[in-house]
Amino acid sequence: MEDGKIRFLVVDDSPTMRRIVINALKNIGYTDIVEAEDGKDALAKLYSEKIDFIITDWNMPNMTGLELTRAVRSDPNFANIPILMVTTRGMKQDVIEALEARVNNYIVKPFTPQVLKEKIEQILKTV
Amino acid sequence: MVNGETKLVKRVDSILREIEELKAIFILGQRVIPFLEELFHFVREVGPMLDEINKSLEESSNKIPRASNQLNTVTKTTEVATTEILDALDQMSLKFGEMKGFINVMKQSYEKQKKIAGRIGRYIERGEFDKVSKNWVKFYTAFKSLNGFDDILEKLSDVKRDADNIMVALQFQDITAQQISAINHLIESVQEKLNHLLGKLGNLDIKKDSSVSSRNVASFNPDAEYDRTGAKQKAVDEILNGIIERDEEAGDRASQEEIDELFNKSEKIKSGEGDVNSGNF
């Protein structure tokens, strides 16, 4: 985080969803955003760019959001990066799995920009 | 004597014929037995194969209604989201019309003020100060009537809310894409079963369409649904808040029992047993 500016990594295999999340982030004042189309791509971006906050989908080809979370948490360099899971999955077992993988918060799609804002603020207060 | 010999010859001939017939029967038997054995083997092999065909067809036919239901869900989701987008666009269009009305009134008032201001300027130049004071009242009245700003700001914030609603509704694209991926997966698994069966029956093969890429099961959620009531998020938040509070108090993670308890509470809320204001979007 340089000069209080947070760089977000938005991970989703759907370009439409990436655009919606980025649009919502810009609307709430976050303009420094990097995109990735799946977990693998996200990991590559994480090594090549300075990322402060990850917003990831769960179901993606190549590497899921859950696998990405586990990979990030197992790397001491990135273990404390906030991760917000944004997914269509809202079953009990899904939330438990995500929490066990150590996501910081969880949003069920479809979501409003307001919910996204609240969750980001909630995470930033605790990290 | 001759009669006796003739009878004997006839008898021998008859025995020889019967022997020939028996021989023919044995020859036929020798030829038929391997065929019968083959037939027996075939029937023995075909039994389990028919069972497998039956099972596969049953499994495949069970998947077809599921695919059909999923397609109905896609259609419904698309219809609901499209209606929401159209409703939001209608509202935006209505508010743009209202804003245009406010701006026109403001423009007229501004033109009037401009005219009066010009007049006041001229009266000042000429030193006709009594007219200046009269026109100043007119100017001030016109200025006071220029009060559409708040209305326009209110309409703009309504338009922003409609635009946000469109952004939420557009998420249906991701949801239906996952529902369609689930249908593709079902169709592909039926195709695989049929390929396997046809292969067993006669090495026939249904050519797989290479333009259709089969998606990894982990890349879609077959239960994805377009639910804007906010009930799911509410249930998830109950869990998260419970766990976060507990983590803060105890410094460790919640047990499965505690998560279950929180979820049961959330499910009661979802089913209407608890009090919750749904529809927070």
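Remember, predicted model here, so these are calculated numbers, not experimental data.
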Set out, in order, the CA-CA distance, both residues' side-chain angles and the distance that settles side-chain contact (heavy atoms from CB on, under 4.5 Å) for B:L240 and A:N105, then state yes or no.
CA-CA 7 Å; B:L240 293 170; A:N105 221 313; 3.0 Å; yes
Interatomic spacing from NZ in A:K119 to CD in B:Q233 - rounded to 0.5 Å
5.0 Å
Is it the case that more than 12 heavy atoms not belonging to B:N69 sit under 6.0 Å from its CG atom?
yes
To the closest 0.5 Å, what do you measure between CE (B:M167) and OG1 (A:T112)?
12.0 Å
Taking all atoms of both residues into account, what is the closest heavy-atom pair of A:Y106 and B:V236, and its distance?
CD2-CG1, 3.5 Å
Any salt bridge between B:D174 and A:R18, counting N to O under 4.0 Å?
no
Do other residues, nucleotides or ligands put more than 12 heavy atoms under 6.0 Å from B:K160 NZ?
yes
Inter-residue atom distance B:Q179.CD - A:T88.OG1, 0.5 Å rounding:
9.0 Å
Any idea which heavy atoms bring A:S14 and B:Q173 closest together, and the distance?
OG-OE1, 3.5 Å
Heavy-atom count around B:F102 CZ within 6.0 Å, excluding the residue itself: above 12?
yes
Relative to chain A, which segment of B:N221 carries a heavy atom at a distance below 4.5 Å: side chain, backbone, both, or neither?
both
Work out which heavy atom in B:D227 is nearest to a heavy atom in A:P110; give both atom names and the distance.
O-CD, 3.6 Å
Quick check: are there more than 12 heavy atoms from other residues, nucleotides or ligands sitting under 6.0 Å from CD of B:E79?
no
What is the distance from atom CZ of A:R89 to atom NZ of B:K232, rounded to the nearest 0.5 Å?
10.5 Å
Do other residues, nucleotides or ligands put more than 12 heavy atoms under 6.0 Å from the CZ atom of A:R70?
yes
Please round to the nearest 0.5 Å and tell me the distance separating atom CG of B:D237 and atom CD of A:Q122.
7.0 Å
For chain B, find which of A:I107, A:T64, A:T87 contributes the most heavy-atom pairs closer than 4.5 angstrom.
A:I107
Over 12 non-hydrogen atoms of neighbours within 6.0 angstrom of NZ in A:K45
yes
Find the distance between CG (A:N59) and CD (B:Q178) and round it off to the nearest 0.5 Å.
5.0 Å
Please look at A:D38 and chain B and tell me whether the side chain, the backbone, both or neither of the residue comes under 4.5 angstrom of a heavy atom of that chain.
neither
Given A:Q114 and B:D164, is the side-chain contact (heavy atoms from CB on, under 4.5 Å) satisfied, shown in steps?
CA-CA 9 Å; A:Q114 187 56 33; B:D164 283 349; over 6 Å; no
Return the minimal non-hydrogen interatomic distance between B:S219 and A:P61, and the atom names on each side.
CB-N, 3.4 Å
